[in-house]
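Taking it in order: structure first as structure tokens, then the write-up.
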There are 2 protein chains.
Amino acid sequence: MASRAGSAPTIVDVAAQAGVSIKTVSRVLNQEPGVQEATREQVLKVVAALKYRPKLSARSLAGARSFLIGLLYYDPSAAFVAGVQKGATLRCREAGYHLVVESLHNDAADIDQQVERMVSALRPDGMVLTPPLCDNPKVLKALRESQTPCVLMSPGRQVKGQPSVCMDDVHAAEEVTNLLISLGHERIAFIKGATDQAASARRYQGFDNAMRAHGLAVDPELVHQGDFTFKTGVEGAHQLLSRRVRPTAVFASNDDMALGVLAAAQRLGLAVPADLSIAGFDDSPAAGLVWPPLTTVRQPVDQMARTAVEMLIGANRSDAEPPTEASLHRVLPYELVVRDSTSAPFDRPARVAGKARKR
Amino acid sequence: MASRAGSAPTIVDVAAQAGVSIKTVSRVLNQEPGVQEATREQVLKVVAALKYRPKLSARSLAGARSFLIGLLYYDPSAAFVAGVQKGATLRCREAGYHLVVESLHNDAADIDQQVERMVSALRPDGMVLTPPLCDNPKVLKALRESQTPCVLMSPGRQVKGQPSVCMDDVHAAEEVTNLLISLGHERIAFIKGATDQAASARRYQGFDNAMRAHGLAVDPELVHQGDFTFKTGVEGAHQLLSRRVRPTAVFASNDDMALGVLAAAQRLGLAVPADLSIAGFDDSPAAGLVWPPLTTVRQPVDQMARTAVEMLIGANRSDAEPPTEASLHRVLPYELVVRDSTSAPFDRPARVAGKARKR
DNA sequence: CTGAAAGCGCTTACAG
DNA sequence: CTGAAAGCGCTTACAG
């Protein structure tokens, strides 16, 4: 018997045509054990012939899973969204899951209700939280109360028992600083990021570590408080470059600020990197689209998102290992991207194309 | 009777507590007519008290709507994804819909099956297609066969009866060209975009229109074929600036190429805009993060996405007007962003901050 | 204006 | 190894 014309085939059509019960079809589709190989093949043949696809809403209503992963974000940089989406959607598809995206206002008074509303309507099997939402207590509380598994991306602080994915900001900042020092710089200025973002402190920490390790004092006059915007990069440059003894290098803790430093330096008639080396952080698209291209650090954003989705899907499986504290907090490798904005002090600009080093 | 502890309240709990049938609760929730005001209020009170939220999977399985809107994209620029997501998610939430995002490979041989699979599992109420997928015949065919309503964002060509949202590329490129001409430029070079993207031809068309309208010949030597990448901007600049008579301005048909021109000009020791004016297209984040900041055109990407979602949701409503050919193809206003990379030829660089003009 | 019944298309116990 | 029954939580079509 063929399936009714017009409407899509259902599990009943497949069962009838394969000469088995719908329960058996369900078993095959969900890869449950205890189906004879011959039966399995017969069912799969009919599934293919009918182009049968189980309907998500029915599976979701009847079963314990929704096959939906939620992604929450607030005011992210464009490069960040793009990377996260790429990693998350691809991993979702591999596992037959789908990604539902919602944007929220981190400062909204009713943000907990917004989250609660979304979760109770959608019942996602898990949620990926990006900064700064992953550090928002209201959001975390609403999710905990609804018992929705979460993975935090680059959270400010690890929460015990709360899965997270991040990169090693401290170590990356150390490496950038080491690069500048190895080029011969000693008066190295630093521009800090927004105080409400945890990465800011970690990056400064790395800078400080590296300086101390080389016996170089961090001159408070050469540390500027920025907020991750282009504007504070420009301001920082003006202030730092007006010191009695100028720095020979500026390490801005993100690319937007580094671009501000570059723009300011160019307006002041300084040659980069001959008169001033500049390093950033993030490897934003713009970092490679300026002259000279910026030395920076690439966050593995898409890998982080992919890993986050994987953790959520894995946790939903019955055969999942009991998680250890270590398996809950994944630290992914970053990439130091050395380009032309850094050189030995007073060097002629390098003419070599950008190259990347992994660690 | 209170709802069972532990599990979330259902429509049955609400009906029981409000002393009505579940059908009446359903009517109130879906804003169907024919419910007495007192009854309605009583139901809403219980809904609020119980924090009842209808489950999407149940509504979707029983009814004709899924409250899901799909967004398909392939290898978009970061700024584009970010804008689309913002506009689309916000509009979805206002209407109680949710946005499911999927990324596809435009060149995948089985792209039609990937689309078919997604659609038959999810049954979205509509789909937003971004370039270049909105021009992919396989994708469109798969969607047509599944009877999923679609809106195309910036499609290469209008398809009759197929809803779309776009901006007026031709007119925008005309305006940029007019700006350069009004500043006193006559030798204006143009860098074309990728030949497989429809916007490329439209932007060149606008340039050509404006030049002719002012009696200026388009010198074929001053037209370079690029592909929207930074690299072809650099190459174009080298080629265009090696002409016997140099152009005094370059109009690159997107920002990445304009940034390439800027980088090349700076390496060649040219002052921008004094020696060379540069204009781009897109208003990418980087456009405002370089020195001098780029004159460009801002695409209303988030508005376009918002409009696309609105059209899909509106079409699903029973009280929807029969669409006219005009209402099917929305053209949204762009914004000319005049910054410091353009000036009169041989001018000293402007010191004025960027300003925007709407049309 | 309101409701009782059937059914959407699956999975979950439970039998055999 | 396989299946018949019940049920997930809503909307639809039909009565009254």
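- When the P atom of D/dG9 is taken as reference, atom CG of A/Leu56 falls 17 Å away, rounded to whole Å.
- Counted within 6.0 Å of CD on A/Gln31, heavy atoms from surrounding residues, nucleotides or ligands total 12 or fewer; the atom is thus considered open.
- C/dA4 makes up no base pair with any nucleotide shown, lacking Watson-Crick or G-U wobble contacts both under 3.5 Å.
- Atom CZ of B/Arg65 is separated from atom C1' of D/dT12 by 13 Å (rounded to the nearest Å).
- A side-chain donor-acceptor contact under 3.5 Å links B/Ser164 and B/Gln158.
- If you take CG of A/Leu122 and C1' of D/dG9, they are 15 Å apart, rounded to a whole angstrom.
- Listed candidates were C/dG9, D/dT11, C/dC10. Nearest to the side chain of B/Ile11 is D/dT11.
- You'll find that the side chain of B/Ala64 is closest to D/dT12, out of D/dT12, D/dT11, C/dG9.
- Per the geometry, CG belonging to B/Asp13 stands 13 Å off C1' belonging to D/dC8, to the nearest Å.
- With hydrogens and angles left out, the side-chain atoms of A/Gln17 and A/Asp13 include no donor and acceptor closer than 3.5 Å.
- B/Val12 comes within contact range of no nucleotide atom at all, as no heavy-atom separation falls under 4.0 Å.
- Distance A/Lys55 NZ to C/dT11 P: 14 Å, rounded to the nearest Å.
- Across all strands shown, nothing is found opposite C/dA13 as a Watson-Crick or G-U wobble partner with both distances under 3.5 Å.
- The stretch residues 21-44 of chain A touches DNA chain D through A/Ser21, A/Lys23, A/Thr24, A/Arg27, A/Gly34, A/Val35, A/Gln36, A/Thr39, each having a heavy atom within less than 4.0 Å of the strand.
- Distance B/Tyr52 OH to D/dG9 C1': 7 Å, rounded to the nearest Å.
- Rounded to whole angstrom, the span from the CG atom of A/Leu61 across to the P atom of D/dC10 amounts to 9 Å.
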Would you check, one step at a time, whether the test side chain to side chain contact (heavy atoms under 4.5 Å, CB included) holds for A/Val151 with A/Val165? CA-CA 7 Å; A/Val151 173; A/Val165 184; 3.7 Å; yes
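- In terms of modelled atom types and a separation under 3.5 Å, the side chain of A/Ser103 and the main chain of B/Lys86 share no donor-acceptor contact.
- Cation-pi geometry between B/Arg59 and B/Phe67 is satisfied (NZ or CZ under 6.0 Å from the ring centre, within 45° of the ring normal).
- Using a 3.5 Å distance cut-off with no hydrogens or angles, the side chains of A/Gln85 and B/Tyr73 do pair a donor with an acceptor.
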